[in-house]
Amino acid sequence: MSSVNVTGDSALPPAAGYRGRFAPSPTGPLHPGSMLAAFGSWLLARHAGGQWLVRIEDVDGPREVAGAAAAQLATLAAFGLHPDEPVHYQSRRHALYRAAVGQLLQQGKAFHCHCSRADLAGQQGIHRHCVARPPRPQPAIRLRVADGSEVAFDDGLQGRFAQAVDRDVGDFVLLRADGCWAYQLAVVVDDAGQGISDVVRGADLLDSTPRQILLQRALGLPTPRYLHLPLLLDAQGGKLSKSLAAQPVDAADPLPTLRWLWRALGQPAAALEGTVTLPELLERAVAAFQPQRLRRESIKADGTPFP
Ligand code: GLU
């Protein structure tokens, strides 16, 4: 990994030993796309002989759906994907996020900001300096992203990815003006706190990763390895909305979905042939899994079989 990092904070290597995780936000039931990340991260952790954890990312109150976290956990259990440690809830970890932001404020790496989205409209929503006139009752807190903060990393599946965080993203939010911790902050604090060595998740988060690496460096935390799995798209190549694959997965009948996900992960169907029970299928999957066969391209989840 190489990067230009004018803050002078250095990158630390990932934790020793494989520790992966699945970190759903409780905004609804698990769909095939989220199950692809769950099953993919589980397979990679099991293949490496490592641990696999589950974290409920419930810090975004306005987006949370009541009962969704419990339903997601029940679905994972029905699919036989059991975490190795008790489930971790971000809503119980405010003190850690507060401490991390406090440290950044104290070191001058973060600042209070009164700018609203409308204030920043003239600069495509990218914050480089404050433009707000009337102060807001509760300001946001942003990370100060120095000029020239380009971050590059080698993704385990997508290859090299680089982003000029200063120009493309700007000073990003750590604590929102509505009082919620930003995803970028909570995920970084928790991946480090849980000793995660390998983050495996959907490619929709590829362009969040440079922000997370910048934040790790600012906080003096290690940078895990990253692997971003392909996204499921509808038949037209758009984001899944009303198509079949946008329906929640059927927790009462996990085997067909697991077979489908297995193929979506580029693995040969034949490896799971003849398995009739869930434990048998999962055991066979772990034994037969070949990470080098993972697909990089987005997958059209239009019901047609895989080639
Ligand atoms: N909670 C995020 C989501 O459900 C995923 C976070 C992550 O895997 O880093 O989209």
Side-chain angles (χ1 to χ4, degrees), residues 20-47 52-58 63 65 67-84 87-88 156-157 198-206 227-235 238-269 271-272 275 277-286 288-291 293-306:
R21 54 41 160 210
F22 174 57
S25 302
T27 52
L30 293 176
H31 296 91
S34 25
M35 283 308 289
L36 192 76
F39 192 35
S41 63
W42 182 87
L43 279 167
L44 280 154
R46 290 289 174 261
H47 180 78
W52 184 73
L53 313 183
V54 172
R55 179 169 75 227
I56 298 292
E57 301 212 315
D58 54 351
R63 284 188 62 227
V65 171
Q72 291 176 338
L73 294 175
T75 299
L76 292 174
F79 275 71
L81 307 180
H82 301 291
D84 295 310
V87 174
H88 197 105
L157 188 58
D198 289 79
V199 171
V200 176
R201 58 188 178 191
D204 53 329
L205 293 168
L206 190 60
L227 188 152
H228 289 85
L229 293 167
L231 294 181
L232 299 187
L233 305 178
D234 66 18
K239 274 204 148 188
L240 284 181
S241 52
K242 295 184 200 68
S243 71
L244 198 64
Q247 302 300 315
V249 295
D250 184 359
D253 190 19
L255 269 65
T257 302
L258 283 167
R259 286 205 171 85
W260 189 90
L261 295 171
W262 175 254
R263 298 286 287 122
L265 290 166
Q267 308 298 310
L272 303 185
T275 51
T277 69
L278 181 61
E280 199 188 350
L281 182 144
L282 292 175
E283 196 183 312
R284 192 87 77 75
V286 172
F289 181 62
Q290 298 171 64
R293 293 186 61 127
L294 286 170
R295 308 161 167 250
R296 177 194 295 212
E297 308 77 31
S298 313
I299 298 161
K300 284 194 183 159
D302 56 359
T304 51
F306 293 103

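For the pair L76 and M35, the minimum side-chain heavy-atom distance is below 4.5 Å. Between R259 and L281, some side-chain heavy-atom pair lies under the 4.5 Å cut-off. The shortest distance between side-chain heavy atoms of P83 and R21 does not fall below 4.5 Å. For the pair L227/L294, a side-chain contact is recorded, criterion being any heavy-atom separation below 4.5 Å from C-beta on. Counting only heavy atoms from C-beta outward, the side chains of D253 and T257 never approach each other to under 4.5 Å. Using a 4.5 Å heavy-atom threshold, the side chains of D198 and S41 count as separate. V54 places none of its side-chain heavy atoms less than 4.5 Å from the side chain of W42. In this structure, F22 and F39 have side chains that are not in contact, with every pair of non-hydrogen atoms separated by 4.5 Å or more.
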Q. What do the steps show when you test L258 against L282 for side-chain contact (heavy atoms from CB on, under 4.5 Å), and what is the final call?
A. CA-CA 9 Å; L258 283 167; L282 292 175; 4.1 Å; yes
Margin query: L205 vs H228, test: side-chain contact (heavy atoms from CB on, under 4.5 Å). Steps then yes/no.
Written below: CA-CA 8 Å; L205 293 168; H228 289 85; 4.3 Å; yes
Is there a side-chain contact (heavy atoms from CB on, under 4.5 Å) between L44 and W52? Walk through the geometry before answering.
CA-CA 9 Å; L44 280 154; W52 184 73; over 6 Å; no
Check your understanding: What do the steps show when you test Q290 against Q267 for side-chain contact (heavy atoms from CB on, under 4.5 Å), and what is the final call?
Key -> CA-CA 7 Å; Q290 298 171 64; Q267 308 298 310; 3.9 Å; yes
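Within 6.0 Å of CD on E283 lie no more than 12 heavy atoms contributed by other residues, nucleotides or ligands.
For the residue pair P26 and I56, the shortest heavy atom distance occurs at CG-CG2, 3.9 Å. Scanning all heavy atoms of the two residues, the minimum distance from A271 to A288 falls at CB-CB, 3.7 Å. The shortest non-hydrogen separation linking A78 to L278 is O-CD2, 3.2 Å. Here the closest non-hydrogen pair linking H31 and P248 is CD2-N, 3.7 Å. In terms of heavy atoms, L229 sits closest to A37 at CD1-CA, 3.8 Å. Minimum interatomic distance between A68 and T27 (heavy atoms only, all atoms of both residues): CB-N, 4.2 Å.
Residue I299 is tested with L265, L233, L232 for a side chain to side chain contact (heavy atoms under 4.5 Å, CB included); the sole match is L232.
Look at R46 and D84 and you find a salt bridge, because one of the NZ, NE, NH1 or NH2 atoms lies within 4.0 Å of a carboxylate O, short of that distance.
Of the inter-residue distances, the one linking R201 atom CZ with L36 atom CG reads 15.0 Å to the nearest 0.5 angstrom.
A distance-only check finds no donor-acceptor pair linking the side chain of R296 to the backbone of P230 [under 3.5 Å]. Under the 3.5 Å distance criterion, the side-chain polar atoms of W262 are matched with a main-chain donor or acceptor of P268. Without hydrogens or angle criteria, Q72 side chain to S25 main chain gives a donor-acceptor distance under 3.5 Å.
Taking the six-membered ring where tryptophan is involved, the planes of F289 and H47 are perpendicular, since the angle between them exceeds 60° and thus also 30°.
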